[in-house]
Amino acid sequence: MLKHKSLRACVLLCLALNIQQGKAQETNELEYGEAIKGVNQDPKQKSIGSKPYEMEGRTEAREPLFTFDDCTQWQVRANQSEVALYRTKEQRVIGDYSGKVVYKTKQAKAGFRVELVEPYTFDKEWDCINFWNYGNHWLWENSGEAMTHYAVIQDAKGREITIPFMQEWLWRNMNYKYWFLNHIKLNDSIVRPITFIGLEFKGNGTKPDVENNIFLGPIYGYQEVLKPMKFKPFPEKLPFPLREETILPTNKTTGFSNRVEQQGEKYLSHTKGKMLS
């Protein structure tokens, strides 16, 4: 199946979740070359990586549809770049393996695709894609060199569509050196049933002739069930102005007074004291 601790902990403990509302964007401005199959051995593996400590004992809510346990089920195609895909243990998030993409661009504007050898058509209705991935740049260092990543699908009309994994108002590039979980919510403009083709990576400011590694983890496709939210009845009278759950700053003076004044449907709270005058 398919060393910045404070940042990594924050991202993972917050579900490392980036949500993108899927919008149909017909492809493609780049032309990709001949397909090269992935390999189930990493000749450049530096070490066996440990899974993030936040993932220890974690049970996944659903089984992934695609992993990189067998990279021969995937292929890569390049545009103005050299690219290879290996099964590796160098970085891991769930399971024993991930997919390692080794790429080197030939010019600033370049890209590549990681595609299923046999595209997968979803028989059941679905509207979400989750994707674990590990980038190779930091936002505050050289973020312009990082790739932007997309899901590549085909709709029922045969249109090939790319959907960015990152929201437009956020940075678009893979500016993180840790495992990150992207989430896409597809909108209704994409005609079902949908076929998943693979992933696309594009850059406009890459640094040519420099070898880079990114890591690919499990991919999930599923139907999100949004049940109505239920709340307890709102009390007619609220505990006021203080209850056990209220968090207030410590008041170390005794020379003060509080009072509440009703003005129509509103209440005004007044506090008077030496420190407040």
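Side-chain atoms of Asp127 come within 3.5 Å of backbone N or O of Glu224 as a donor-acceptor pair. When atom types are taken as modelled, the side chain of Asn258 and the backbone of Thr271 share no donor-acceptor pair closer than 3.5 angstrom. Under the 3.5 Å distance criterion, the side-chain polar atoms of Gln45 are matched with a main-chain donor or acceptor of Lys89. When atom types are taken as modelled, the side chain of Thr162 and the backbone of Val152 share no donor-acceptor pair closer than 3.5 angstrom. Thr206 contributes a side-chain N or O that, together with a main-chain N or O of Gln107, makes up a donor-acceptor pair within less than 3.5 Å. Although no hydrogens or angles enter the test, the distance criterion places no donor-acceptor pair under 3.5 Å between the side chain of Lys44 and the main chain of Tyr86.
Looking only at atom types and distance, the side chain of Thr121 has a donor-acceptor partner in the side chain of Thr195 under 3.5 Å away. Defined by atom type and a distance below 3.5 Å, a donor-acceptor pair is present between the side-chain atoms of Tyr222 and Asn130. Side-chain contact check for His137 and Asn175: no donor-acceptor pair (N or O, by modelled atom type) lies under 3.5 Å.
Of the inter-residue distances, the one linking Glu60 atom CD with Trp132 atom CH2 reads 7.0 Å to the nearest 0.5 angstrom. Of the inter-residue distances, the one linking Ser50 atom OG with Gln91 atom CD reads 9.0 Å to the nearest 0.5 angstrom. Annotation: the span from Tyr150 atom OH to Asn182 atom CG amounts to 12.5 Å, rounded to 0.5 Å. Once rounded to the nearest 0.5 Å, the distance linking CG of Leu199 with CG of Leu216 reads 6.5 Å. The distance from atom OH of Tyr134 to atom CD of Glu90, rounded to the nearest 0.5 Å, is 9.0 Å. The CZ atom of Phe165 lies 11.5 Å from the CZ atom of Phe180; values are rounded to the nearest 0.5 Å.
Linking Ile, Leu, Val, Met, Phe, Trp and Tyr whenever their side-chain heavy atoms come within less than 4.5 Å puts Leu116 and Phe122 in one cluster. Linking Ile, Leu, Val, Met, Phe, Trp and Tyr residues whenever their side-chain heavy atoms come within less than 4.5 Å places Leu65 and Ile219 in a single cluster. Under the 4.5 Å side-chain heavy-atom criterion for ILVMFWY residues, no single connected hydrophobic cluster contains both Val114 and Val39. Linking ILVMFWY side-chain heavy atoms closer than 4.5 Å, directly or via other members, places Trp140 and Tyr176 in a single hydrophobic cluster.
Not counting sequence neighbours, the partners of Glu115 by the side-chain contact (heavy atoms from CB on, under 4.5 Å) test are Gln75, Arg77, Arg113, Ile197.
The two residues Ile194 and Val191 make their nearest non-hydrogen contact at CG1-O, 4.0 Å. Of all heavy-atom pairs between Pro208 and Ala108, the closest is CG-N, 3.9 Å. Taking all atoms of both residues into account, the shortest heavy-atom contact from Ser143 to Asn173 is O-ND2, 2.8 Å. Across all non-hydrogen atoms, the minimal contact from Leu85 to Cys71 is CG-SG, 4.1 Å. Of all heavy-atom pairs spanning Pro52 and Trp179, the tightest one is CG-CD1, 3.8 Å. Between Val83 and Ala78, the shortest heavy-atom contact is CG1-CB, 3.6 Å.
When ring centroids are compared, Phe112 and Phe201 come within the 6.0 Å threshold.
Within a 6.0 Å radius of CD in Gln223, other residues, nucleotides and ligands contribute more than 12 heavy atoms. Enclosure of atom CD in Gln41 is not indicated, since only 12 or fewer non-hydrogen atoms of other residues, nucleotides or ligands lie within 6.0 angstrom. The local environment of CD in Glu34 is sparse, with at most 12 non-hydrogen atoms from other residues, nucleotides or ligands closer than 6.0 Å.
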Please walk me through it: do Gln263 and Leu268 pass side chain to side chain contact (heavy atoms under 4.5 Å, CB included)?
-> CA-CA 7 Å; Gln263 293 184 355; Leu268 296 179; 3.2 Å; yes
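A ring pair (Phe, Tyr, Trp, His ring centres under 6.0 Å) with Phe196 is found for one member of Phe131, Tyr220, Phe66, Tyr120 and no other, namely Phe66.
Put simply, the side chain of His270 reaches to within 4.5 Å of the side chain of Glu261, judged on heavy atoms. With a 4.5 Å cut-off on side-chain heavy atoms, Ile214 and Met147 do not count as touching. Between Ile190 and Ile163, some side-chain heavy-atom pair lies under the 4.5 Å cut-off.
Ion pair Asp70/Arg87 not flagged as a salt bridge, since none of the NZ, NE, NH1 or NH2 atoms sits closer than 4.0 Å to an Asp/Glu carboxylate oxygen.
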